[in-house]
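Since the structure comes first, as structure tokens, the remarks are kept for the end.
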Amino acid sequence: MSDAAVRARGPRSLRSAIGYALLVLVALLFMSPLIFMVGTSLKAPSEIFSTPPSLFGASLQWGNYSEVFSYAPFARYLVNGVVVATTGTLITLAVSALSGYAFSRLRWRGRTATFTVFLATMMLPQEVVIVPAFVLMRELGWVNTYQALIVPWAFTALGAFLLRQFFMTVPQELEDASRIDGLGQLGTFFRIMLPLARPTLAVLAVFTFITYWNSFLWPLVIVNDVSTLGTIPLGLQQFFGQQGTQWHLIMAASVVSMLPSTVLLIALQRYLVRGIVTSGLGGR
């Protein structure tokens, strides 16, 4: 290797080392709340506000995690959260895929205007529609039911927008070829379009699941019996009581509540980057 190549390689290696060091520093900065939460979940109550502060206590209190399930019906909250988030995600995927296909590949009068109005609903914050949604649920007799937790937020414009953006990138020739092979409109959708949209569906599934999982305001309004239909955000409130705030249990419960979303992200991670790029979120 020539001297010039060695000299050129030196600055590049230094820049790479500095870049990796900055990435590690930023990653630690963003992970610090998570590290603090895990450390606090393993402390004894008397050590949480100790001076000087420490990341972990004198001994790791693994029993905090089992105490979470005896202090409150946390297993019930987990089951409710999984049922609501999973069902809501499946409904959202089905509705979004069908509406996205209709808005992108089917030609009908008023398609653009309808999609514009539909997309404009994304500008409405959830707080604006809470009262009308509650009145509708009351008239349907759905207050304090799973349906009320799932259905009102399963028909959103975000999913239709993401799927429409993807379907518009599929070449028309592919659809024409499927018609020549004898597939109808539904056959083309289920056998050609839907398999191609798996990365975008994965992105939408992650976003929707996390939204349902972390929803607090709507369950707070529509659920009367927290012990039966309470979800994770409502369940965490049970650790704030007249006996004081159980910070070690709150942190342990928060760690447990992260597991379903983490598992979903790990399972779908290979689709996420490609899905973000092809669905319109990557600046295309």
Side-chain angles (χ1 to χ4, degrees), residues 81-108 110-126 128-129 132-133 136-137 142 146-172 174-175 178 183-215 218-219 231 260-261 264-265 267-284:
V82 170
V83 170
V84 170
T86 302
T87 307
T89 299
L90 292 176
I91 295 175
T92 300
L93 291 179
V95 172
S96 299
L98 290 169
S99 58
Y101 183 72
F103 281 126
S104 61
R105 313 301 293 195
L106 304 182
R107 299 187 180 277
W108 42 280
R111 183 183 68 174
T112 302
T114 303
F115 180 71
T116 301
V117 174
F118 191 38
L119 203 61
T121 61
M122 293 176 60
M123 294 186 292
L124 295 175
Q126 186 188 47
V128 173
V129 296
L136 178 61
M137 295 300 103
W142 285 5
Y146 282 117
Q147 307 93 282
L149 288 170
I150 297 169
V151 174
W153 315 111
F155 303 89
T156 61
L158 176 62
F161 169 74
L162 294 180
L163 270 300
R164 175 184 179 272
Q165 293 301 106
F166 171 78
F167 287 139
M168 289 182 66
T169 64
V170 178
Q172 181 64 37
L174 188 62
E175 190 172 357
S178 68
L183 290 178
Q185 200 73 257
L186 288 178
T188 301
F189 172 73
F190 284 109
R191 300 183 62 178
I192 303 297
M193 295 296 186
L194 210 54
L196 291 175
R198 280 181 294 184
T200 305
L201 290 172
V203 173
L204 180 60
V206 171
F207 286 172
T208 306
F209 186 92
I210 293 177
T211 299
Y212 271 105
W213 187 259
N214 294 330
S215 178
W218 178 245
T231 55
S261 299
L264 181 64
L265 285 171
L268 299 179
Q269 63 177 339
R270 63 181 180 143
Y271 295 109
L272 292 182
V273 174
R274 188 154 57 105
I276 289 173
V277 171
T278 59
S279 61
L281 293 180
R284 293 187 57 170

With no hydrogens and no angle check, is any side-chain donor or acceptor of [X] less than 3.5 Å from a backbone partner on [Y]?
| X | Y | value |
| --- | --- | --- |
| S99 | S96 | yes |
| Y212 | A154 | yes |
| W108 | A102 | yes |
| W218 | A148 | yes |
| S215 | T211 | no |
| R105 | E175 | no |

How long is the gap from [atom1] on [X] to [atom2] on [Y], to the nearest 0.5 Å?
| X | Y | atom1 | atom2 | result |
| --- | --- | --- | --- | --- |
| F190 | L183 | CZ | CG | 12.5 Å |
| T116 | R111 | OG1 | CZ | 11.0 Å |
| T200 | R164 | OG1 | CZ | 13.5 Å |
| T92 | W153 | OG1 | CH2 | 12.0 Å |
| T156 | L204 | OG1 | CG | 7.0 Å |
| Q147 | W142 | CD | CH2 | 6.0 Å |

What's the shortest heavy-atom distance between [X] and [Y], and which atoms?
| X | Y | result |
| --- | --- | --- |
| I150 | V83 | CD1-O, 4.5 Å |
| A97 | L194 | CB-CD1, 3.9 Å |
| S178 | T188 | OG-OG1, 3.1 Å |
| G110 | T114 | O-OG1, 2.7 Å |
| M193 | F166 | O-CE2, 4.4 Å |
| L264 | V206 | CD2-CA, 4.1 Å |

Just say parallel, tilted or perpendicular for the rings of Y101 and F167, cut-offs at 30° and 60°.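 Aromatic pair Y101/F167 classed perpendicular.
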
Return yes when atom CZ of R198 has more than 12 non-hydrogen atoms of other residues, nucleotides or ligands closer than 6.0 Å, and no otherwise.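 At most 12 heavy atoms, drawn from other residues, nucleotides or ligands, come within 6.0 Å of this atom.
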
Would you say CE of M168 has more than 12 non-hydrogen atoms from neighbouring residues, nucleotides or ligands within 6.0 angstrom?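 No, CE of M168 has 12 or fewer neighbouring heavy atoms, counting only those of other groups under 6.0 Å.
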
Within a strict 4.5 Å, meaning less than it, do heavy atoms of the W213 and V82 side chains meet?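 In short, these two side chains touch, coming nearer than 4.5 Å.
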
Is any side-chain heavy atom of I192 closer than 4.5 Å to one of V170?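 Not touching, per the 4.5 Å side-chain cut-off.
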
Given L98 and F189, is the side-chain contact (heavy atoms from CB on, under 4.5 Å) satisfied, shown in steps? CA-CA 8 Å; L98 290 169; F189 172 73; 3.6 Å; yes

